[in-house]
Amino acid sequence: MSEQDRTAVGFRAGLEDDAQWLNDLKRRRNPGPRSVHHRAVDPSLGAATVAVHGGTYEDPVTGAVGTPVFQTSTFLLDDLSYSAFERGATRDVPIYTRYGNPSQWSVQEKAAALEGAESALVTSSGMSAIASTIYALTNNGSHIVTAYDVYGGTYNLMREDMPSAGREVTFVDSTDLAAVEAAIRPETQLLFFESLTNPLLKAPQLRAIADIAKRHDALLVVDNTFLSPVNLRPLDLGADVVVHSATKYLNGHSDVTAGVVAGSRKFVDRVWAQALRFGGTTEPLACYLLERGLKTLALRMRAHNDNAERLAAFLDGHEKVLAVHHPSLDHYPHQHLREDVLGGYGGMVAFEVAGGDDAALKFCSALRIPYLATSLGGVESLVSLPFNTSHCSLTTAQRASIGIRPGLVRYSAGVERAEDLVADVARALETI
Ligand SMILES: *Cc1c(COP(=O)(O)O)cnc(C)c1O
């Protein structure tokens with residue numbers, strides 16, 4: 001295939017400016033990467049429209065309505081490839097799938113459009129997205145501020161790997177603005193928080209934290225897994241980079257492991273370069289599944305939002321339930337979230353049943369609809385107990401000190417009929 005052939009089918013985008021070297025942070029950058037056949041959508045369109053159409057590869061040869069699966073590890077070398085090597089623009093031309101592949105670009109364009117970002121990167125897992133981002137955006141000798149209750153994998157990375165890589169980490173309560181600001185040092189480069197925490201659904205004030213980050217010349221990275229861009233767009237609130245475990249809501253069917261990073265092309269290029277070295281490539285076939293899942297994101301989130309709200313309303317005040325954690329409830333402590341969200345609060349609801357962890361185990365085994373499994377964000381409801389899963393390495397007292405009291409149940413509401421989920425929970429509560 002000649003350069004003219006590939007140019008004719010649209011693989012020129014990204015080389016049109018005077019791109020010099022990738023690591024020249026001042027060079028002008030185009031959004032993407034994308035070819036002219038990756039569908040660009042008007043960012044003012046609603047999330048439901050963007051989710052369906054953003055990034056679809058419109059195949060000029062066959063006219064296929066969906067993105068083909070570009071199941072290949074490598075691409076023909078031609079003058080375009082050599083010129084990309086020479087100009088440090090290898091992110092913009094399909095050369096080798098670890099560097100980029102049109103199937104990845106489709107997912108990336110869709111995710112970027114949903115998050116309101118210039119560029120996105122799809123990775124092999126949420127942890128791959130998080131690790132690549134943190135390493136790429138910090139240097140040896142720097143300092144990071146994060147929450148003591150971040151996702152377990154992130155916590156371990158921050159605690160185990162960052163210090164040995166020359167990054168010091170301070171863990172704070174992300175909902176305590178004064179504590180966040182007090183933790184900042186002259187060498188702080190990165191603040192890393194989750195838009196909604198696991199399992200207690202605490203919401204940091206992202207707007208105010210973004211201001212703090214800017215004032216101290218640090219970057220704010222937000223893990224938006226629990227809310228999804230249908231419910232909250234951290235970049236709009238001032239965050240610099242958003243990361244996701246796409247394994248959860250973005251894919252939505254509990255059948256793919258993947259991650260997403262979204263932000264300005266400048267930052268995502270740096271994360272891409274790091275991800276290249278770590279090797280967290282997403283298989284084209286996984287991209288196909290993820291793109292298919294993403295098309296219904298807005299539709300699914302409506303059902304997740306509704307179902308969790310209905311469950312929270314039913315559980316709140318139930319005689320066998322001691323506490324319910326959900327942002328829709330009047331006693332929810334982080335009311336600012338109501339102003340930040342676009343749709344709802346996602347499908348998670350956490351509650352404490354009377355009788356402690358034994359009663360919680362009994363309750364879970366009496367449920368007939370959800371599967372007893374970790375993870376979240378799938379169309380099927382899932383239920384798990386923090387005490388014997390995510391937080392089993394803590395003592396009962398340590399768990400209590402971070403608000404995880406005996407009997408706490410974490411329920412990930414799927415997209416089933418709300419009445420069925422509520423009736424199932426009601427019946428299971430009667431068994432304890
Ligand atoms: C699951 C999860 C991750 C990790 O994602 P993987 O796809 O399992 O690597 C990171 N952050 C949050 C909030 C998660 O729920």
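Sequential numbering from 1 along the given sequence is applied to the chain's residues. When a ligand or atom number is given, it counts from 1 through the structure's own listing order.
Ionic pairing of K202 and D176 is not present here: no N-O contact between side-chain nitrogen and carboxylate oxygen is shorter than 4.0 angstrom.
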Close N/O pairs between ligand 1 and protein, under 3.5 Å:
residue, atom, partner, partner atom, Å
ligand 1, 5 (O), S245, OG, 2.9
ligand 1, 7 (O), G126, N, 2.8
ligand 1, 7 (O), S245, OG, 2.8
ligand 1, 7 (O), T247, OG1, 2.6
ligand 1, 9 (O), G126, N, 3.0
ligand 1, 9 (O), M127, N, 2.8
ligand 1, 11 (N), D223, OD2, 2.7
ligand 1, 15 (O), K248, NZ, 2.8

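For F314, the ring-ring contact (aromatic ring centres under 6.0 Å, His included) partners are H318, not counting sequence neighbours. Residues meeting the ring-ring contact (aromatic ring centres under 6.0 Å, His included) test with H216, sequence neighbours left out: none. Checked against ring-ring contact (aromatic ring centres under 6.0 Å, His included), Y411 has no partners two or more places apart in sequence or in another chain.
Checking each of H391, R399, R405 against P386 for a side chain to side chain contact (heavy atoms under 4.5 Å, CB included) leaves exactly one that passes, namely H391.
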Applying side chain to side chain contact (heavy atoms under 4.5 Å, CB included) to T72 and Y96, what does each step give before you reach the verdict? CA-CA 8 Å; T72 181; Y96 184 64; over 6 Å; no
